[in-house]
Protein chains: 2
Amino acid sequence: MRELIAKYREKGFKLTPQRLAILNFLDGNTSHPTADDIYREIKKNYPAVSFATVYNTLQALRDRGKVAEITIDFQKKHYDPDIRPHHHIICTECNKIADVFQDYSEALRLPYNIKGEFQSTGNHVNFYGICKKCRNLSRYVSKRENKKRRTKLCA
Amino acid sequence: MRELIAKYREKGFKLTPQRLAILNFLDGNTSHPTADDIYREIKKNYPAVSFATVYNTLQALRDRGKVAEITIDFQKKHYDPDIRPHHHIICTECNKIADVFQDYSEALRLPYNIKGEFQSTGNHVNFYGICKKCRNLSRYVSKRENKKRRTKLCA
DNA sequence: TTACAAATTTAGAATTATTCTAATTTAGAT
DNA sequence: ATCTAAATTAGAATAATTCTAAATTTGTAA
């Protein structure tokens, strides 16, 4: 992200204040925000900012390989400015996502029948689990109740 | 799926004609359909069928662990009636999904820092690649052009 | 059988996520 | 300072999914 700001003059990437704000928000951010999370954050300083700007910027970054889309959440996409190859784990109670830095590439070999059909270009492991906070909370609140809750109890 | 039909009397699961049609469509289906795919299929025989019915049924099946949701596609959910643990590969050109029956569980150990934070309940590997058909087509059609295409050239 | 309660169906509205549009503004090059 | 390509905006459009409330149907049990 930082290095992108440094090299923002790269062909066809204009650095607007809104973009700078998005880049700054993403830089070093390990919260795996959704487009909406980003929109709401930028809106604090740029109340007129449009959703289109957020999606535009994310698309520009994505096209340049500067941000990764994560499909671990069944509801919506999350974005990760850390583009080093890694995997993720999501808490199925509160949807908190954490990075899993572990190289499984040696083990993730495709079976032969697939190799004949597909030429693999990458992989990503989704882990599912319960985070510490939710594990504690679930002693007092049923899972069903917890899931319906709009406001997350943890995180 | 079949065994579900046999045991459909299980507490609180009513077998309506629409449901039976959905169950029959899903049974042994390896195409990983979306809710919309299912809706369109059932509509052929039940023109009045509602989207809500499809989602209702899928939710009922999901709650009973009879169907798996797949998050490999960035656009929408796919459903898999094969509930044996397995993984998937998606063609990034035409979105065709194939099953990957390979047990990676031995290798997919979480790093210690994550183990302290999360209690893992499962994992799923998403593989990305290009299928044979698209590999051949891409000789003639640029990737960009191909992506914009509404009608898939392959599949 | 018939009656009934609970579950399911339906059309359609509502929500949510994402993308597109067209007019206006702005960044960065000259 | 000027200019053009790119980015911004509000708002509409699209797409995926969920919800609602009224009508219907299933499976059970008298």
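Note that this is a predicted model, so its numbers are computed, not measured. Below, chain A is the first sequence line, B the second, and so on; all start at residue 1.
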Review point. When you check every protein heavy atom under 4.0 Å of nucleotides 7-12 of chain D, what one-letter string (B, S, -) results, 5' to 3'?
Key: SBBB--

What is the separation between atom [atom1] on [X] and atom [atom2] on [N], rounded to the nearest whole Å?
X       : N      : atom1 : atom2 : value
B/Asp63 : C/dA7  : CG    : P     : 14 Å
B/Leu58 : C/dT9  : CG    : P     : 11 Å
A/Lys76 : D/dA15 : NZ    : C1'   : 16 Å
A/Asp73 : C/dA17 : CG    : C1'   : 12 Å
A/Glu69 : C/dA17 : CD    : P     : 15 Å
A/Gln59 : C/dT21 : CD    : C1'   : 14 Å

Point to revise | Between the first and last five pairs of the helix from C/dT1-D/dA30 to C/dT30-D/dA1, the angle of the axes, rounded to 10 degrees | key: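 For the helix from C/dT1-D/dA30 to C/dT30-D/dA1, the axes at either end differ by 20°.
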
Set of residues satisfying side-chain hydrogen bond (donor to acceptor under 3.5 Å, both in side chains) with respect to [X], sequence neighbours excluded:
X        : value
B/Tyr39  : B/Lys43
B/Ser105 : B/Asp103
B/Arg62  : B/Glu69

Review point. Considering residues at least two apart in sequence or located in another chain, which fulfil the ring pair (Phe, Tyr, Trp, His ring centres under 6.0 Å) criterion with A/His32?
Key: A/His88

Exercise for review: Please identify each residue that fulfils ring pair (Phe, Tyr, Trp, His ring centres under 6.0 Å) with A/Tyr55, with sequence neighbours left out.
Suggested key: A/Phe51

Check your understanding: Who else is in the cluster with B/Phe101 when I, L, V, M, F, W and Y are joined by side-chain contacts under 4.5 Å?
Key ->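 None; B/Phe101 is a cluster of one.
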
Point to revise | Partner residues of B/Asp36 under the salt bridge (Lys or Arg N to Asp or Glu O under 4.0 Å) criterion, sequence neighbours left out | key: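 Partners of B/Asp36 by the salt bridge (Lys or Arg N to Asp or Glu O under 4.0 Å) criterion, ordered by chain and then number, come out as B/Arg40.
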
Check your understanding: What are the residues of residues 33-42 of chain A, sorted by number, that bring a heavy atom to within less than 4.0 Å of DNA chain D?
Key -> none

Review point. Does the side chain of B/Tyr55 get closer than 4.0 angstrom to OP1 or OP2 of D/dT17 through an N or O atom?
Key: yes

Point to revise | A/Lys77 vs A/Leu58 side-chain heavy atoms within contact, under 4.5 Å | key: no

Review point. Would B/Asn123 and A/His87 count as having a side-chain donor-acceptor pair, cut-off 3.5 Å?
Key: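 Note: B/Asn123 and A/His87 side chains miss the donor-acceptor criterion.
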
**Study point:** Pairing residues for A/Gln18 by the side chain to side chain contact (heavy atoms under 4.5 Å, CB included) criterion, not counting sequence neighbours
**Key:** A/Thr16, A/Tyr46, A/Val49, A/Thr53

Check your understanding: How would you list all residue pairs meeting side chain to side chain donor-acceptor pair (under 3.5 Å) that involve residues 110-121 of chain A, not counting sequence neighbours?
Key ->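 Qualifying pairs: A/Gln119-B/Arg135.
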
